[in-house]
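Each chain gets a letter, A, B and so on, in the order its sequence line appears, and its residues count up from 1. Hydrogens, waters and symmetry mates play no part in the numbers below; they use all other heavy atoms, side chains included.
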2 protein chains.
Amino acid sequence: MKRERATIHDIAKKLDITASTVSRALKDHPRISEATKKAVLKEAKNLNYQPNHIAAALRIGRSKIIGIIVPTADRSFFSSVVRGIEEIANASQYNVMICQSYDIFEKEVATIEALINARVDGIIASYAKGTESFDHFIKVKDKGIPLILFDRSNEDIGVSNVILDDYRGAYEAVNHLIKQRCKRIAHLTGIKKISIYNERFRGYREALLDNGLSFDESLVIESDMQLEDGIESMKKLLSLPVLPDAVFAASDYSAMGAMQALKERNIRIPEDIALVGFGNEPFTRFSEPQLTTVDQRSKEMGNATAEIFLEQVGGLRKPFVPKKTVLKPELIIRKSSLKKG
Amino acid sequence: MKRERATIHDIAKKLDITASTVSRALKDHPRISEATKKAVLKEAKNLNYQPNHIAAALRIGRSKIIGIIVPTADRSFFSSVVRGIEEIANASQYNVMICQSYDIFEKEVATIEALINARVDGIIASYAKGTESFDHFIKVKDKGIPLILFDRSNEDIGVSNVILDDYRGAYEAVNHLIKQRCKRIAHLTGIKKISIYNERFRGYREALLDNGLSFDESLVIESDMQLEDGIESMKKLLSLPVLPDAVFAASDYSAMGAMQALKERNIRIPEDIALVGFGNEPFTRFSEPQLTTVDQRSKEMGNATAEIFLEQVGGLRKPFVPKKTVLKPELIIRKSSLKKG
DNA sequence: TTTTTATGCGCAATCGATTGCATATTAAAT
DNA sequence: ATTTAATATGCAATCGATTGCGCATAAAAA
C-alpha cells in the first residue's frame with residue numbers, strides 16, 4: 001500500500017524534462033509552453049503527486065503557517081477568535097497552528113520557542129494570566145516575525161494589537177443597570193494587573209459617578225473569576241449589612257457563580273438583585289434567567305488580527321508601525337437585568 | 001533589529017569546525033568530545049541559535065507535527081479531546097496543528113490535503129456530519145500516514161479509532177430514569193447515519209425493553225440536535241395525547257432546548273418530566289435545574305488517541321493492525337432527573 | 001539574408017540540518 | 001617500536017522545491 005511519495009523529479013523523469021521545468025509548469029510560469037504544462041499536470045495526477053510544503057518552505061523561507069497562542073481553546077471566546085482568524089488566513093493560503101498556554105507562563109514561553117523553531121510566518125497571541133515578563137514576545141518581534149496580540153495586550157511590547165473597548169462595554173452595562181433603577185451596584189473584578197479587568201473596573205466606576213451614584217469600595221470584590229469564585233464573591237456581598245440591588249460581573253463565569261449563590265438563597269433575579277456578566281459565552285443563553293452580558297465581538301477580533309497579519313507580511317520591508325484596533329462591544333440585554341414596569 | 005537567524009554553519013565558522021560536528025554536538029552525540037560540546041552550546045547561546053525544524057523535517061522526513069481535524073473547536077468536547085492529545089503528544093516533542101472542518105465535507109477534504117502537504121506525521125480526526133464518502137481518509141491511510149479517528153468513526157476505513165460506548169451511556173441514562181420511577185420515556189435523537197446517535201438510540205431502546213417497558217415509536221423525535229431543535233422536538237412531545245414523564249436527549253444542546261420549552265409551559269423538572277442529556281457540556285452545570293448527563297471522557301479520549309498515534313509511528317515498519325478502543329462513559333446525576341422520595 | 005527578440009527549457013546552486021563513510025589523532029596493547 | 005583499537009572530526013551527499021542565469025531554437029524585424 002505504501003508507495004513512495006512522488007516528487008517533481010519523478011514527474012520530470014517520466015516526461016524526460018527537468019525538475020525546474022516541472023516546478024515552473026506547476027506554478028503556471030509564463031515561460032513554459034501550454035503543452036508541457038498540460039503534460040506535467042496530467043502526470044502529476046497520474047503519480048498522485050502532492051507538493052512538499054516543507055521543502056518549499058525551506059527554500060522560500062516562508063512556511064505559510066501562522067502560529068496562534070491562546071490560554072485555552074476550551075473557551076468559546078478564544079475558539080471563536082480562532083475561527084475568525086482562520087476565515088481570513090485560509091483565503092490567503094495560510095494554515096494555522098493553534099497552541100494553548102493553559103494560562104501558564106512557562107508553557108507560553110515554551111510554545112513561542114516551538115513556533116519559532118517551526119518557522120511560522122507570524123504569531124497571533126493572547127497572553128497567559130501568569131505572564132509577568134514580556135521578553136519572549138519582544139524576542140519574536142526582534143527576530144522580525146510579525147506578532148499581533150489580541151484581547152489581552154500590553155502597550156510596552158510595541159506590536160500591533162486588537163482589543164475590545166472594555167471600558168465602554170462595562171460603562172454601558174452599568175449604565176443599563178442604572179436605567180433599570182438600580183442604585184447599589186456591586187462589581188466582581190479580576191486581577192487588576194490584567195488590563196481588561198482594570199478597564200472594566202474603570203467603566204463601572206465612571207458610569208456610577210456620571211450618574212450621580214457614589215462609588216463604594218466595599219462593593220467591589222476581586223477574584224480569579226471562575227465559577228467558584230463567583231459563588232464565593234457573591235456570598236461575601238450577601239453578608240454585607242446593606243445588600244446591593246445589582247451585580248456587574250466582569251466575566252460570565254463569575255456571573256454564573258453569583259447566580260447560583262443567589263438562587264441558593266432564594267433571592268430573585270432580577271427583582272431583588274439584577275445581574276450582568278461579560279463575554280456572551282454560549283451558556284449565558286441557557287441559564288434561568290438568561291444572563292444579560294457584553295458581547296466581545298470575538299469573530300471580528302479574529303478577522304481583524306488576521307488582516308493585520310496579512311498587512312504586515314505584505315509589507316515586511318517597509319518600516320514597521322504598530323497598529324492598534326479597538327472594537328466596540330455590544331450589550332446583550334436579557335432577563336437577568338430587566339426589571340418589569 | 002532584524003538580525004539574520006543563525007544556523008549551525010554560523011556556529012561552525014566561529015569555532016572553526018564543521019557543521020557536522022555542530023549538529024552532532026547539539027544532539028549530544030557520543031563521538032563528540034565534551035570540550036567541543038560545551039563550546040558549541042556556548043556559541044549557540046551566544047548567537048541566539050534556534051534550530052530550523054523545517055530543514056530537519058525535510059532531511060529526516062518527519063515533521064514532528066500531528067494534524068488534528070475536528071468539526072469545531074468551539075465545542076468543549078472537542079477542545080477537551082485536543083487538550084488530551086496535546087498532553088501526551090507534547091511530552092514526546094510533537095506539536096499539533098488543529099484544523100476545523102466546520103462539519104462541511106469539502107472543507108474536510110481540503111484540510112486533509114493541506115495536512116498531507118504540510119507533511120504532518122499523522123492525522124487524528126473526528127469526521128464532519130456531512131461526510132458521506134471516506135476516500136480522503138483511505139488516501140491518508142494508503143500513503144502510510146498514521147490516521148486515528150475518534151468519537152465519530154467508521155469501521156470500513158480500517159484504521160484505529162477511539163470511541164465512547166455510546167450504547168452503554170444511553171442504557172445507563174435510561175436505566176437511571178426508570179429507577180426514578182419514570183414509565184414513559186421519550187428520546188431526542190440525531191441523524192441515524194451517525195453511529196453515535198444510532199448507538200444511543202439502541203441503548204435507549206434496550207434499556208426500556210430490559211425493564212419491561214414498551215418501546216413507543218411516537219416518543220422518538222429525530223432532529224439536528226441543536227438548541228432550537230430541542231425546543232421544537234419538546235413541543236412536539238408536549239402535543240401528544242399522553243405526555244411522557246421523562247426525556248432522554250442524545251445531546252446536551254437539545255436537552256437544554258427541551259428544558260427551555262418545558263419551563264415556558266411551566267412544567268416542573270424533574271417532578272412532571274425528568275430530563276437527561278448527553279455530553280456533559282460545561283453549561284449543563286449552569287442550568288436550573290442542573291442537567292443530568294453522560295460524560296464522554298473527552299480528555300481520556302484525547303490521551304488514548306495520542307497514545308495510539310505514538311505506538312503507530314513507533315512501529316511503522318511492523319505490519320499495521322487497526323486497534324479499537326472503547327471508553328466507558330460516566331453518568332453524571334444531577335437535579336434534572338432526581339425525583340424526591 | 002542577417003540581426004533582434006521571444007520563447008522554452010536546462011544547469012546548478014541554494015535553503016539548513018543530518019548522517020554514512022572516511023580520515024586523522026591519540027591511547028592502549030603487543 | 002609496531003600494531004591495534006578507540007576517539008574525535010571532516011567530507012560530501014541528501015531531503016524536495018525554487019530560481020537566476022544561460023543557451024538553444026524559432027519567429028519577427030530589418
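Out of C:dT19, D:dT19, D:dA17, the shortest distance to the side chain of A:Ser20 is found at D:dT19. Set against D:dG10, D:dT18, D:dT7, the side chain of B:Arg31 has D:dT7 as its closest nucleotide. Minimum atom distance to the side chain of A:Ala56 is reached by D:dA17, of the listed C:dG10, D:dA8, D:dA17. For A:Arg59, whose side chain is taken as the heavy atoms from C-beta onward, the closest listed nucleotide among C:dC15, C:dC9, C:dA17 is C:dC15. Checking D:dA17, C:dT18, D:dA8 against the side-chain heavy atoms of A:Ile8 singles out D:dA17 as nearest. Listed nucleotides C:dA17, D:dT7, C:dC15 differ in distance to A:Leu58; the shortest reach to its side chain belongs to C:dC15. In the set C:dG10, D:dC11, C:dG16, D:dC11 carries the atom at the smallest distance from any side-chain atom of B:Thr18. For A:Arg24, whose side chain is taken as the heavy atoms from C-beta onward, the closest listed nucleotide among D:dA8, D:dA13, C:dC11 is C:dC11.
Straight-line distance from the CD1 atom of A:Ile54 to the C1' atom of D:dA17: 12 Å, rounded to whole Å. Spacing between atom CG of B:Leu15 and atom P of D:dA8 amounts to 17 Å, rounded to whole angstrom units. The distance from atom CZ of B:Arg5 to atom P of C:dT14 is 20 Å, rounded to the nearest whole Å. Rounded to a whole Å, the NE2 atom of B:His29 is 9 Å from the C1' atom of C:dT19. With rounding to whole Å, A:Asp28 atom CG is found 18 Å from D:dA17 atom P. The separation between B:Lys64 atom NZ and D:dC15 atom P is 21 Å, rounded to whole Å. One can place CD of A:Gln50 at 14 Å from P of D:dG16, the figure rounded to the nearest angstrom. Rounded to whole angstrom, the span from the NZ atom of A:Lys27 across to the C1' atom of D:dT18 amounts to 7 Å.
With A:Val159 as reference, A:Leu147 is the one residue of A:Ile123, A:Leu147, A:Ile138, A:Val140 to meet the side-chain contact (heavy atoms from CB on, under 4.5 Å) rule.
Other residues, nucleotides and ligands place no more than 12 heavy atoms under 6.0 Å from the NZ atom of A:Lys45. Applying the 6.0 Å contact sphere to NZ of A:Lys324 captures more than 12 heavy atoms from other residues, nucleotides or ligands.
Not one side-chain nitrogen or oxygen of B:Ser23 sits closer than 4.0 Å to the OP1 or OP2 atom of C:dG16. Put simply, B:Lys37 has no side-chain N or O that comes within less than 4.0 Å of OP1 or OP2 on D:dA8.
Ionic pairing of B:Arg152 and B:Asp103 is present here: one or more N-O contacts between side-chain nitrogen and carboxylate oxygen are shorter than 4.0 angstrom.
Side chains of B:Ser23 and B:Ser20: no donor on one and acceptor on the other come within 3.5 Å.
Among the heavy atoms of the strands lying under 4.0 Å from B:His9 is at least one base atom, whether or not backbone atoms are also near. Within 4.0 Å (heavy atoms only), B:Ile17 reaches sugar-phosphate atoms of the nucleic acid but no base atom.
Taking the ring centroids of B:Phe105 and B:His136, they lie under the 6.0 Å cut-off.
DNA chain D is contacted by both A:Leu26 and B:Ala19; B:Ala19 maps to the nucleotide lying nearer its 5′ end (nearest heavy atom per residue).
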